[in-house]
Asks: 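First, the structure itself, so that you have it in front of you.
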Amino acid sequence: MLLNSLQTDTDPIAPFESNAPQSLQERLPLAGDRCSHFSSRQAQRTNPFDDISKGQTSLSTPHCRLRYTASRALRDDRNWPSPDQGPNPSGRGGGGAHVVPVAIEKPPRIFIGRKHYDGPRPDEALAELLNTVQRQTLRFFWEFGHPTSGLARERSNTTPHVVTTGGSGFGIMAILAGVERGWIGRQHALDRLIKMVCFLGQAERHHGAFPHWLDGDSGRTIPFSHLDDGGDIVETAYLMVGLLSARQYFRGPDAKERVLRSLINALWSEVEWDWYTRGSEALVWHWSPVHGWAMDLPIHGWNECLIAFILAASAARHSIEPDVYHRGWTAGRAFANGRSIEGVRPPLGPDHGGPLFFSHYSFLGLDPRALRDRYADYWHQNVAYTHINRTHCIRNPGKFEGYGADCWGLTASDSIDGYVAHAPDRDLGVITPSGALGSFPYAPAECELALRHFASRGDRLWGEYGFRDAFSPSTGWCADSYLAIDQGPIVVMIENYRSGLLWRLFMSCPEIQIGLARLGFSQRAKAAAAMS
């Protein structure tokens, strides 16, 4: 399908939009497994690229096949610069996975509004205040993106070569918001995304899944920990949400947009979600080519991982069975709740509520407004989680100076003693702006109060890429860092509050609708009324 779509004008997602039969396999024909993976169970299949790659480097891995396809597509349009087909000048990469620069070598300095070094004014009209915060935060992904790969760097204050796969998915969604707001040109964004996707196609993958961290120059896996040196199915899920949203946004007939869609589909189709079940009724977070399943971390809820199960059930190839969701995800000791916490009854999650990223990460693209299944109403779940977190900060059992109705937001971030998943039951007196600002859709009036308070704290909290990662109002400590996984939810969830853009894009993916139906989700027609 991928090769055919590049040789003709066929859109690779057109099968979803036809009147074809409703069967999942029939609605997404696999064209003889043109994108078959290099795993052992695929090794016996004929590679459809063999007849066009004689005399070239082997195309037996998806990395090489995608490089070939991208370069062919780029050559076919004479208005595009051809990628360098020679060896990677840096000498890094190896194994045929060297980086091929395409179109743009460095992030262009696009005008997305002046840099507000003095900080936003707390008395500004809300629309202007939101514009300022979104624009400035977007700079982390646009101007601070890695110059070789275009992907999001893990953080601003160390290891500039480390890029984050999940954070890059967040960054892609933030870039789409920037295009929609008119802060980034559509063609500039398209060039950046093609650059990212071509790099990802050459980067190390582990049964189709990406690692948590990659070297932004070579595409090699950077271990997240001693045993975590392979595929991370949750970070891969966050990346795929961003890529699928971009596929849905760039739906035009232009050659570049068609190529972007085709390359995204290749990456999406090659994730072996079923491999990460290890043959069990659970989705397992990590697999290492060196240590195998040694981390032994099956994913049980409630936490930030719901989206991984939805994507895994939505895949046309390598999908999981619904029992992996119903018997694995729901098996966690902190899954079902229903007890009264801070005056509300969340359907799911631990007592006292967890960090706010539980209600952010899976829902950057997944629209909770009308979503429910046999376990929860997900709009009610996320509104309740936000209320619990804020009410805890108002009640302030730890007696931290500065907490209150306008200063709240406990979630994972840098802290006085390193990176911590702050939550009501792990409150160290550290407030993370992403906690409240990423909750804008759920409690807009309360989040506006927090936003104006953060703005009132001046340039100690505000800098080149927006609000700094975290601060302690009682001690005066303020992080000197920005983190991709905290910056992304600020831009994306504010945009979902303002326009619902990322929710509309991701939910428009036909395969996601199929996956939700397979798992028993329904989408009630209360839609935007929940936001008003």
Side-chain angles (χ1 to χ4, degrees), residues 300-307 309-310 329-330 332-397 403-412 421-427 431-451 489-490 492-494 496-497 500 503 516 519-532:
H300 302 310
W302 174 253
N303 52 44
E304 72 273 31
C305 303
L306 173 65
I307 192 63
F309 289 84
I310 291 171
W329 169 243
T330 67
R333 289 180 296 174
F335 184 71
N337 196 304
R339 294 178 289 278
S340 179
I341 307 169
E342 301 288 3
V344 298
R345 293 181 181 272
L348 308 173
D351 284 344
H352 311 294
L356 282 170
F357 70 82
F358 284 9
S359 59
H360 298 167
Y361 291 178
S362 280
F363 299 97
L364 298 181
L366 182 66
D367 186 351
R369 287 176 293 180
L371 192 69
R372 70 183 307 169
D373 64 3
R374 71 181 76 166
Y375 309 109
D377 176 316
Y378 290 91
W379 179 258
H380 173 64
Q381 168 71 16
N382 291 343
V383 170
Y385 238 54
T386 304
H387 176 82
I388 291 166
N389 199 287
R390 180 173 184 265
T391 301
H392 167 87
C393 291
I394 294 172
R395 191 166 57 84
N396 191 15
Y403 274 32
D406 61 352
C407 187
W408 58 279
L410 304 178
T411 192
H422 305 105
D425 61 351
R426 196 179 186 187
D427 186 357
I431 299 295
T432 306
S434 178
L437 301 185
S439 301
F440 242 101
Y442 309 132
E446 294 83 352
C447 293
E448 181 181 347
L449 281 176
L451 171 57
I490 292 174
V492 174
M493 291 302 264
I494 287 178
N496 280 331
Y497 160 69
W503 284 342
L516 288 169
L519 296 182
F521 283 85
S522 64
Q523 298 167 72
R524 294 167 298 132
K526 71 180 185 181
M531 300 280 285
S532 60

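Values in this document were obtained by computation on a predicted structure and should not be read as measured data. Note that these values count all heavy atoms, side chains included, but never hydrogens, waters or copies made by symmetry.
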Asks: Would you kindly say whether Asp367 and Tyr378 are connected by a side-chain donor-acceptor distance under 3.5 Å?
Replies: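 The answer is no; no qualifying pair exists.
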Asks: Once rounded to the nearest 0.5 Å, what's the spacing between atom CD of Gln381 and atom OH of Tyr375?
Replies: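 Spacing of CD (Gln381) from OH (Tyr375) equals 14.0 Å.
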Asks: So, Arg345 side chain and Arg339 main chain: donor-acceptor pair closer than 3.5 Å or not?
Replies: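 No, the answer is negative, given that no donor and acceptor are paired below the 3.5 Å cut-off.
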Asks: Does any N or O in the side chain of Ser362 come within less than 3.5 Å of the main-chain N or O of Phe358, such that one atom is a donor and the other an acceptor?
Replies: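 Such a contact is absent between Ser362 side chain and Phe358 backbone.
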Asks: Using the benzene-type ring in the case of Trp, are the ring centres of Trp379 and Tyr442 under 6.0 Å apart?
Replies: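 Yes; Tyr442 has its ring centre under 6.0 Å from that of Trp379.
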Asks: Looking at Arg390 and Ala405, would you say the former's side chain and the latter's main chain have a donor-acceptor pair under 3.5 Å?
Replies: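 Yes; at least one donor-acceptor contact below 3.5 Å.
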Asks: Cut-off 3.5 Å, side chains only: do His422 and Asp427 have a donor facing an acceptor?
Replies: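 No, because no side-chain N or O of His422 sits under 3.5 Å from a partner of the opposite role on Asp427.
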Asks: Of all residues at least two apart in sequence or in a different chain, which pass the salt bridge (charged side-chain N to carboxylate O under 4.0 Å, His left out) check with Arg395?
Replies: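 Expected list: Glu342.
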Asks: Between Asn389 and Pro424 (side chain of the first, backbone of the second, donor and acceptor by atom type, cut-off under 3.5 Å), is there such a pair?
Replies: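 Not a single qualifying donor-acceptor pair exists.
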Asks: Within the distance-only criterion (no hydrogens, no angle test), does the side chain of Asn337 pair as donor or acceptor with the backbone N or O of Ala334 below 3.5 angstrom?
Replies: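 Between the backbone of Ala334 and the side chain of Asn337 there is no qualifying donor-acceptor contact (under 3.5 Å).
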Asks: Between Val383 and His380, is there a side-chain heavy-atom distance shorter than 4.5 Å?
Replies: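 Contact flag for His380/Val383 side chains = no.
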Asks: Give me the atom names and distance for the closest heavy-atom approach of Trp503 to Phe363.
Replies: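 Looks like NE1-O, 2.7 Å.
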